[in-house]
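First up is the structure itself, then whatever we jot down about it.
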Amino acid sequence: MADKKYKWYKIDAARDELLHSPTGKIITLQVNNKNVCITIFNDKLFAFAAKCPHAGGYFADGYVDAVGNIVCPVHRYKFNMSNGRNSSGEGYYLKTYPIEEKEDGMFLGMEAGWSF
């Protein structure tokens, strides 16, 4: 990740909502005019695209399995939340986003220069 340039967006409200929600809750928020899903697993925040790259299912309607994969509600495709890889090997890739805690809050990074 060090070789990519990111623009950082504050997401403190999402973090607070997740901390006071049941484990495994997935929320969707808009960051830089892009829908992004965020969840907590093992006390760590993860951010990823809101729609499944396979069939377009909304991950907010899916769930996080026992090993930390995000599961699409349409066909139950599973994706690693850390690297976006499809766990069953079909070759689909889920866009993931870095999250960092800084002195002034929690931030989500999007690659600089993207236009939506």
Side-chain angles (χ1 to χ4, degrees):
M1 267 194 252
D3 58 329
K4 294 182 182 179
K5 301 289 183 198
Y6 293 101
K7 183 169 183 180
W8 295 93
Y9 299 88
K10 196 167 193 171
I11 59 166
D12 283 346
R15 184 180 192 279
D16 293 343
E17 180 180 344
L18 286 168
L19 288 174
H20 300 293
S21 299
T23 301
K25 178 173 177 148
I26 302 164
I27 64 169
T28 304
L29 64 148
Q30 273 209 337
V31 180
N32 192 31
N33 298 316
K34 178 93 173 153
N35 286 329
V36 175
C37 282
I38 297 179
T39 193
I40 293 178
F41 182 75
N42 286 342
D43 296 323
K44 182 177 178 191
L45 281 169
F46 292 91
F48 44 90
K51 292 173 87 176
C52 179
H54 170 249
Y58 288 96
F59 284 115
D61 296 331
Y63 62 94
V64 179
D65 70 12
V67 296
N69 291 309
I70 183 73
V71 182
C72 177
V74 177
H75 295 117
R76 304 290 188 251
Y77 276 44
K78 296 179 181 183
F79 297 87
N80 181 300
M81 291 188 293
S82 295
N83 61 27
R85 291 190 180 137
N86 175 249
S87 66
S88 54
E90 286 90 356
Y92 293 101
Y93 174 78
L94 175 64
K95 177 67 182 160
T96 60
Y97 302 94
I99 296 179
E100 289 188 4
E101 190 164 7
K102 300 180 181 184
E103 286 184 19
D104 54 341
M106 190 66 70
F107 292 81
L108 179 140
M110 289 189 164
E111 292 178 24
W114 280 17
S115 59
F116 301 104

So with a 6.0 Å cut-off around OH of Tyr9, is the heavy-atom count from everything else above 12? yes
Taking every heavy atom of Thr28 against every heavy atom of Ala60, the minimum-distance pair comes out as OG1-CB, 3.4 Å
Are Tyr63 and Phe79 connected in the hydrophobic side-chain network, where two residues link if heavy atoms are under 4.5 Å apart? no
Test the Lys95-Tyr97 pair against the cation-pi criterion, namely NZ or CZ under 6.0 angstrom from the six-membered ring centroid and within 45° of the ring axis. yes
Does any part of the side chain of Ile38, heavy atoms only, come nearer than 4.5 Å to the side chain of Ile11, both counted from C-beta? yes
Min side-chain heavy-atom separation Met110-Lys34 under 4.5 Å: yes
Can you list, pair by pair, the side-chain donor-acceptor contacts under 3.5 Å of residues 98-106, counting residues two or more places apart and other chains?
none

Within 6.0 Å of NZ in Lys10, more than 12 heavy atoms from elsewhere: yes
Any side-chain heavy atom of Tyr77 within less than 4.5 Å of one from Ser87? no
Where the side chain of Thr39 meets the backbone of Lys25, is there a donor-acceptor pair that is under 3.5 Å apart? yes
What donor-acceptor contacts under 3.5 angstrom involve side-chain atoms of residues 64-72, with partners at least two apart or in another chain?
from, atom 1, to, atom 2, distance (Å)
Asp65, OD1, Val67, N, 3.1
Asp65, OD1, Gly68, N, 3.0
Asp65, OD1, Asn69, N, 2.8
Asp65, OD2, Asn69, ND2, 3.3

For Ala47 against Val36, the heavy-atom pair lying closest together: CB-CG1, 4.1 Å
Check whether any side-chain heavy atom of Glu111 sits under 4.5 Å from a side-chain heavy atom of Lys5, and report yes or no. no
Which is it for Tyr58 and Cys37 under the side-chain contact (heavy atoms from CB on, under 4.5 Å) test, yes or no, and what are the steps along the way? CA-CA 9 Å; Tyr58 288 96; Cys37 282; over 6 Å; no
Between the main-chain N or O of Lys78 and the side-chain N or O of Asn86, is there a donor-acceptor pair closer than 3.5 Å? yes
Closest heavy-atom pair and its distance - Val74, Ala55: CG1-CB, 4.3 Å
Is the shortest side-chain heavy-atom distance between Phe59 and Lys51 below 4.5 Å? no
With a 4.5 Å heavy-atom cut-off, do Ser82 and Phe46 have their side chains touching? yes
